[in-house]
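So the structure is just underneath, and the comments pick up after that.
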Amino acid sequence: MNIQLENLKINFRNEGPDPFFQVENENRLRLDIDYINRNNLSQIVNTLFKDDYSINLSYYYGTVFPKIIKEPTRIGKYISINNWKEELIEIENEFNEKEIYAIVTIKRIRKSELINYLLYLKNALKNPYMCIYNEHNLLCNSSDVVDIVSGSTTMINNLKSIYEPIANHFYSEE
């Protein structure tokens with residue numbers, strides 16, 4: 001599945017590199033999740049996503065062939081799911097066998113629901129492969145970092161200056 005940002009094309013596939021590693025350093029920022037709280041997460045989400053109607057969330061649903069194995073996300077408990085679609089992706093696994101998995105995209109996510117879900121994931125033992133995006137920006141979370149990718153280097157530079165104390169520089173070239 002491809003995600004088109006302003007001037008970046010992100011390949012969101014389970015077997016591919018994370019979106020953070022698909023762009024240059026000036027288009028990305030990585031924050032340490034241990035220092036993320038409701039206030040700065042709300043500021044980040046409000047900066048990246050101006051309105052609720054443009055926010056999309058795509059996540060790895062699970063394998064649908066040869067066996068159905070669903071990843072636990074608890075997404076429906078936090079996010080109202082009204083407008084969604086599935087994309088099936090066929091690959092050859094490490095045993096040279098056909099495998100099909102699903103990426104689900106939910107459109108028109110509310111910012112308040114998104115913030116609550118991300119805070120839940122920070123403290124939960126679940127770590128779904130997912131990203132939140134609009135036409136300009138993308139946010140991904142994992143168990144230890146929050147990645148921000150943007151087609152706007154100005155936006156990234158502004159965020160880097162604001163969130164420098166909680167930035168994770170392990171993979172940066174600075």
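Heads up: numbering here begins at 1 and tracks the sequence. This is a predicted model, so every value here is computed, not measured.
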Keeping the roles fixed (side chain from D147, backbone from F20), state whether a donor-acceptor pair exists under 3.5 Å. no
May I ask you to decide if Y35's main-chain N or O and N40's side chain share a donor-acceptor pair within less than 3.5 Å? yes
Look only at the side chain of N27 and the backbone of S150, and say whether a donor-acceptor pair between them is shorter than 3.5 Å. yes
Give, for atom OG1 of T105 and atom OH of Y59, the distance between the pair rounded to the nearest 0.5 Å. 9.5 Å
On the six-membered ring of F49, is K111 placed so that its NZ or CZ lies under 6.0 angstrom from the centre and within 45° of the ring axis? no
Please report the interatomic distance CG(L118) to CG(N123), rounded to the nearest 0.5 Å. 11.5 Å
Establish, from distance only, whether the side-chain atoms of S152 and E6 form a donor-acceptor pair under 3.5 Å. no
K67 side chain vs V64 backbone, donor-acceptor pair below 3.5 Å: no
Which distance, rounded to the nearest 0.5 Å, do you find between the CZ of R110 and the OG of S80? 4.5 Å
Nearest 0.5 Å, what's the CG-CG distance between L114 and L139? 7.0 Å
NZ of K9: more than 12 outside heavy atoms within 6.0 angstrom? no
Using a distance-only test with no angle check, is there a side-chain donor-acceptor pair under 3.5 angstrom linking T63 and Y60? yes
Aromatic plane relationship, Y120 with Y78 - under 30° parallel, 30 to 60° tilted, over 60° perpendicular: parallel
Establish, from distance only, whether the side-chain atoms of Q43 and Y163 form a donor-acceptor pair under 3.5 Å. yes
Is the closest side-chain donor-acceptor distance between N2 and R13 under 3.5 Å? no
Gap separating the CD1 atom of I33 from the CG atom of N168, nearest 0.5 angstrom: 11.0 Å
Determine yes or no for a side-chain-to-main-chain donor-acceptor pair under 3.5 angstrom, with Y117 supplying the side chain and I79 the backbone. no
The test is side chain to side chain contact (heavy atoms under 4.5 Å, CB included); show your working for L57 and I75 and say whether it passes. CA-CA 10 Å; L57 184 149; I75 200 163; 3.4 Å; yes
